[in-house]
> 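Below are the structure tokens for one structure; questions will follow.
None of these values were measured; they are calculated from a predicted model.
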Amino acid sequence: MLVQLASTGTLQLDDPLEQFLPAPAGSGITLRHLAEHTAALPRTPPRLRRSDPYSDFDAGAQDSVVRNLGSFTTGTPGRKAEACGPPRVVPPTS
């Protein structure tokens with residue numbers, strides 16, 4: 001879907017994440033980084049170390065993670081591919 005949106009000009013893969021989510025400005029994370037797993041984000045959100053870290057990961061927790069992305073990156077976005085956890089659907093913000 002991301003590639004389809006890019007091919008129609010709706011978005012660009014190098015658009016910053018904060019253009020679409022309430023992420024902090026200047027995080028350096030782009031849509032391409034997310035798609036290529038090079039956003040330098042940890043496998044699971046901070047402080048969620050249970051066997052199923054997403055079992056109680058509600059919209060409020062998701063919003064908190066997005067708003068604080070710049071504080072827990074594991075390196076410079078775009079440098080290294082990292083395996084990610086289970087796929088998650090991020091609902092549009094209003």
Side-chain angles (χ1 to χ4, degrees):
M1 177 179 248
L2 188 61
V3 172
Q4 288 175 328
L5 291 170
S7 69
T8 64
T10 303
L11 54 78
Q12 300 298 313
L13 293 177
D14 294 318
D15 284 343
L17 183 60
E18 61 263 22
Q19 187 172 329
F20 304 96
L21 295 173
S27 70
I29 299 172
T30 65
L31 298 177
R32 181 183 306 276
H33 295 143
L34 292 176
E36 294 178 346
H37 301 270
T38 60
L41 296 174
R43 182 177 175 92
T44 58
R47 297 179 297 281
L48 294 180
R49 302 288 182 226
R50 298 178 295 281
S51 60
D52 181 2
Y54 298 105
S55 62
D56 60 353
F57 194 69
D58 60 12
Q62 177 177 294
D63 185 62
S64 176
V65 166
V66 169
R67 291 180 187 281
N68 293 292
L69 281 179
S71 68
F72 58 86
T73 54
T74 60
T76 303
R79 299 259 170 113
K80 178 181 170 192
E82 300 229 2
C84 66
R88 304 299 297 169
V89 175
V90 178
T93 58
S94 51

> Using a 4.5 Å cut-off on heavy atoms from C-beta on, say whether the side chain of T30 contacts that of L13.
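No, every pair of side-chain atoms sits at 4.5 Å or beyond.
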> Ignoring hydrogens, what is the shortest heavy-atom contact between G28 and P77? Give both atom names and the distance.
O-CB, 3.6 Å
> What distance separates E36 CD from L31 CG, expressed to the nearest 0.5 Å?
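Spacing of CD (E36) from CG (L31) equals 11.0 Å.
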> Check side-chain hydrogen bond (donor to acceptor under 3.5 Å, both in side chains) between S27 and all other residues, then give those that pass, not counting sequence neighbours.
none
> Pairs of donor and acceptor atoms involving the side chains of residues 15-26, under 3.5 Å and at least two apart or interchain, shall be tabulated with distances.
unit_1	atom_1	unit_2	atom_2	d
D15	OD2	Q12	N	2.8
E18	OE2	G26	N	3.2

> Run L34 and L2 through side chain to side chain contact (heavy atoms under 4.5 Å, CB included) and show every step you take.
CA-CA 10 Å; L34 292 176; L2 188 61; over 6 Å; no
